[in-house]
Number of protein chains: 2
Amino acid sequence: MTHKYQSISLEIEQKIMNGHYNNTGNKLPTEEDLVNEYGVSRNTIRKAIDTLVKKGFIMPVQGSGMFIRDVSMKNSNAINLENFRGLTADYQYSKIETKLLEFQEVKATKKIAEIMQCNVGDDLYFINRLRIIDGKKWVVEYSYYNKQYIPFLNKEIINNSIYNYIQQALKKQIGYVDRIIEAGPLNEKDAKLLGLEVGDPALISTNKSMFKSGEIFDYSIDVHNYKYTKFLKLSNLL
Amino acid sequence: MTHKYQSISLEIEQKIMNGHYNNTGNKLPTEEDLVNEYGVSRNTIRKAIDTLVKKGFIMPVQGSGMFIRDVSMKNSNAINLENFRGLTADYQYSKIETKLLEFQEVKATKKIAEIMQCNVGDDLYFINRLRIIDGKKWVVEYSYYNKQYIPFLNKEIINNSIYNYIQQALKKQIGYVDRIIEAGPLNEKDAKLLGLEVGDPALISTNKSMFKSGEIFDYSIDVHNYKYTKFLKLSNLL
DNA sequence: TATAATTTGTCCGTATGTATA
DNA sequence: TTATACATACGGACAAATTAT
């Protein structure tokens with residue numbers, strides 16, 4: 001299940017992060033060198049590189065080489081939208097606390113059923129959590145999980161990473177995440193939870209998560225503390 | 001300069017938008033069919049498809065087919081972060097007005113020089129615009145352009161699309177855009193311009209644009225009216 | 001339930017084009 | 001001008017997931 005291009009991509013990414021290429025003019029070895037180093041075809045190297053380009057780590061310039069992109073923005077502790085795999089993965093070097101505010105089974109309303117492409121009345125888990133990172137009240141999350149795909153959840157799983165549970169215990173591959181990002185005024189409840197004032201700005205992300213095979217298993221609304229959360233989008237238009 | 005995979009990708013994208021595949025179960029033809037239809041190799045078809053997957057238009061499922069993704073979120077008139085090529089391109093079917101508030105040449109300060117990777121004192125254009133879409137005060141833009149790369153700008157260009165000018169008149173290819181997205185309270189000036197109240201939420205995007213060859217030609221801050229602007233991010237984690 | 005056919009995914013090799021140094 | 005290095009495009013073989021039989 002782990003392919004050549006995946007492990008090569010990961011290894012190069014780690015080398016970039018380690019500063020392994022800092023003394024080579026912030027350039028990666030040429031494709032030919034990588035072909036020899038890893039003993040694979042040029043296509044495979046290019047596929048490995050592709051994912052790093054997508055993530056915004058490198059900038060290939062035809063005729064010149066593959067340059068490691070400036071990490072100043074990456075270091076601004078913004079969440080890279082290309083990398084996003086849940087708070088637990090994104091802030092793996094920080095202390096994450098979770099306050100479980102609500103956890104219950106509910107039936108899909110017409111509106112939710114439409115969004116999650118399930119039937120009205122289907123069983124869902126509803127979860128409301130406050131996430132605290134390094135002592136800072138970071139985000140209030142409202143999530144619905146389709147019980148048809150996530151048949152069991154408990155407080156322990158919820159207090160850790162639901163995404164890890166899905167991937168490791170359920171052995172399901174998360175394929176797609178659709179996310180709408182907007183700003184809006186905080187309501188009383190969220191303001192109180194985040195330690196802010198009513199009407200203060202919030203960075204709101206509304207998300208739909210799908211398995212590789214397309215089924216929507218999660219719909220969630222994340223109300224972020226505007227003082228902490230930033231999203232980073234590294235686009236390449238080529 | 002236009003490659004096979006590019007024109008094929010564009011054609012398929014237009015067919016998706018036209019609803020051309022609606023009666024085929026929202027599925028694209030198989031790769032083999034596309035190979036025959038366009039008379040190119042399978043690799044070329046896959047490369048064309050790749051860009052559409054990246055843009056979030058289609059969801060390939062191994063063994064099953066390539067499904068056109070639900071456009072409900074796309075139709076929420078949010079700006080697709082994967083597509084972004086400036087307001088003029090994104091809202092090509094809307095009426096865009098531009099109020100030029102400030103346009104002058106300035107010298108790069110230490111802070112700006114660091115961001116734009118140029119020298120302190122380098123010549124820059126500074127532009128402050130209010131953009132009105134379909135009569136709605138949409139966004140206040142503060143932009144710096146490096147004169148070294150964009151040697152000439154005038155009011156006419158500014159009132160239309162600077163990006164179009166760069167690509168068509170200067171024949172430069174835009175390669176990368178780094179963008180940080182956050183929320184924050186409106187200051188007095190921006191609130192007034194957007195017809196909102198001081199302290200109201202704003203969706204703020206801070207951008208760095210680079211040519212294909214890496215030079216930073218633009219640094220800008222966009223203060224969006226939270227009532228109108230939404231960003232859409234369609235991720236595939238595969 | 002098991003098998004075969006279909007369809008996308010990975011990987012290889014090669015040749016030629018194009019931008020940069 | 002020449003060499004370097006990435007980009008495009010072709011072709012083929014086999015693997016893996018899904019669907020149909």
Side-chain angles (χ1 to χ4, degrees), chain A residues 1-10 12 21 24-54 58-69 171-173 175-176 210-215 236-238, chain B residues 1-10 12 21 24-54 57-69 171-176 210-215 236-238:
Chain A
M1 233 286 293
T2 165
H3 301 287
K4 287 185 183 177
Y5 77 90
Q6 287 178 325
S7 53
I8 292 171
S9 177
L10 185 65
I12 294 176
Y21 301 116
T24 60
N26 271 324
K27 265 174 82 171
L28 251 54
T30 66
E31 291 180 349
E32 198 190 340
D33 287 344
L34 291 170
V35 164
N36 295 328
E37 183 179 344
Y38 290 100
V40 296
S41 75
R42 186 166 164 237
N43 277 333
T44 301
I45 289 295
R46 283 181 65 77
K47 179 140 189 178
I49 295 290
D50 260 5
T51 74
L52 296 176
V53 173
K54 197 180 118 188
I58 53 183
M59 180 173 77
V61 177
Q62 188 175 14
S64 180
M66 300 183 284
F67 296 86
I68 295 165
R69 286 181 69 179
K171 296 199 192 303
K172 282 280 200 175
Q173 255 193 294
Y176 303 89
M210 283 147 277
F211 293 130
K212 201 173 157 185
S213 38
E215 305 96 343
N236 65 322
L237 310 177
L238 308 174
Chain B
M1 232 289 290
T2 163
H3 302 286
K4 288 184 184 179
Y5 77 90
Q6 287 176 325
S7 53
I8 293 171
S9 178
L10 185 65
I12 294 175
Y21 301 117
T24 60
N26 271 321
K27 267 175 81 172
L28 251 55
T30 65
E31 291 181 351
E32 198 189 340
D33 288 343
L34 291 170
V35 163
N36 295 327
E37 184 180 342
Y38 290 100
V40 297
S41 73
R42 189 172 160 225
N43 276 334
T44 301
I45 289 296
R46 284 180 65 77
K47 178 140 189 181
I49 295 290
D50 260 6
T51 74
L52 297 177
V53 172
K54 200 181 112 186
F57 286 117
I58 54 184
M59 179 174 78
V61 178
Q62 187 175 160
S64 181
M66 300 184 284
F67 296 87
I68 295 165
R69 285 181 71 178
K171 295 200 193 302
K172 282 280 200 174
Q173 255 193 293
I174 298 167
Y176 303 88
M210 283 149 276
F211 292 130
K212 199 175 160 186
S213 39
E215 305 97 344
N236 65 323
L237 310 178
L238 306 174

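Reminder, nothing fancy here: chain letters follow the sequence lines and each chain counts from 1.
- Base pairing of D/dA20: its partner is C/dT3, meeting the Watson-Crick or G-U wobble criterion (both donor-acceptor distances under 3.5 Å).
- Rounded to whole Å, the distance from CD on B/E215 to C1' on C/dT20 is 12 Å.
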List, with names and distances, any nitrogen or oxygen atoms from the protein found under 3.5 Å away from nitrogen or oxygen atoms belonging to nucleotides 9-11 of chain D.
unit_1, atom_1, unit_2, atom_2, d
D/dA9, OP1, B/K4, N, 2.6
D/dA9, OP2, B/Y5, N, 3.3
D/dC10, OP1, B/K4, NZ, 2.8
D/dC10, OP2, B/S41, N, 2.9
D/dC10, OP2, B/S41, OG, 3.0
D/dC10, OP2, B/T44, OG1, 2.4
D/dC10, N4, B/N43, ND2, 2.8
D/dG11, O6, B/N43, ND2, 2.6

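- The shortest non-hydrogen separation linking A/M66 to A/L34 is CE-CD1, 4.0 Å.
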When you compare the protein's N or O atoms with those of nucleotides 3-5 of chain D, which come within less than 3.5 Å of each other, and at what distance?
none

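- Note: CZ (A/R46) to P (C/dC12) measures 15 Å, nearest angstrom.
- In terms of heavy atoms, B/V61 sits closest to A/K212 at CG2-O, 4.0 Å.
- Between B/T51 and B/S9, the closest heavy-atom pair is OG1-OG, 2.7 Å.
- Closest non-hydrogen pair, A/Y5 versus A/A48, comes out as O-CB, 3.5 Å.
- Nearest approach of B/S213 to B/E215, heavy atoms of both residues: OG-OE1, 2.7 Å.
- Atom CD of A/E37 sits in a crowded spot, with more than 12 heavy atoms from other residues, nucleotides or ligands closer than 6.0 Å.
- With hydrogens and angles ignored, the 3.5 Å screen pairs no side-chain donor or acceptor of B/K54 with any backbone N or O of A/K54.
- Rounded to whole Å, atom P of C/dG9 lies 14 Å from atom CG of A/D50.
- Taking 4.5 Å as the limit, some side-chain heavy atom of B/Y38 sits within range of a side-chain heavy atom of B/I12.
- In this structure, the CG atom of B/N36 is 14 Å from the C1' atom of C/dT7, given to the nearest Å.
- One interatomic measurement links the two molecules: CE of B/M59 to C1' of D/dT18, which rounds to 13 Å at whole-angstrom precision.
- With DNA chain D read from its 5' end, the first of the two nearest nucleotides for B/F67 and A/L28 is the one closest to A/L28.
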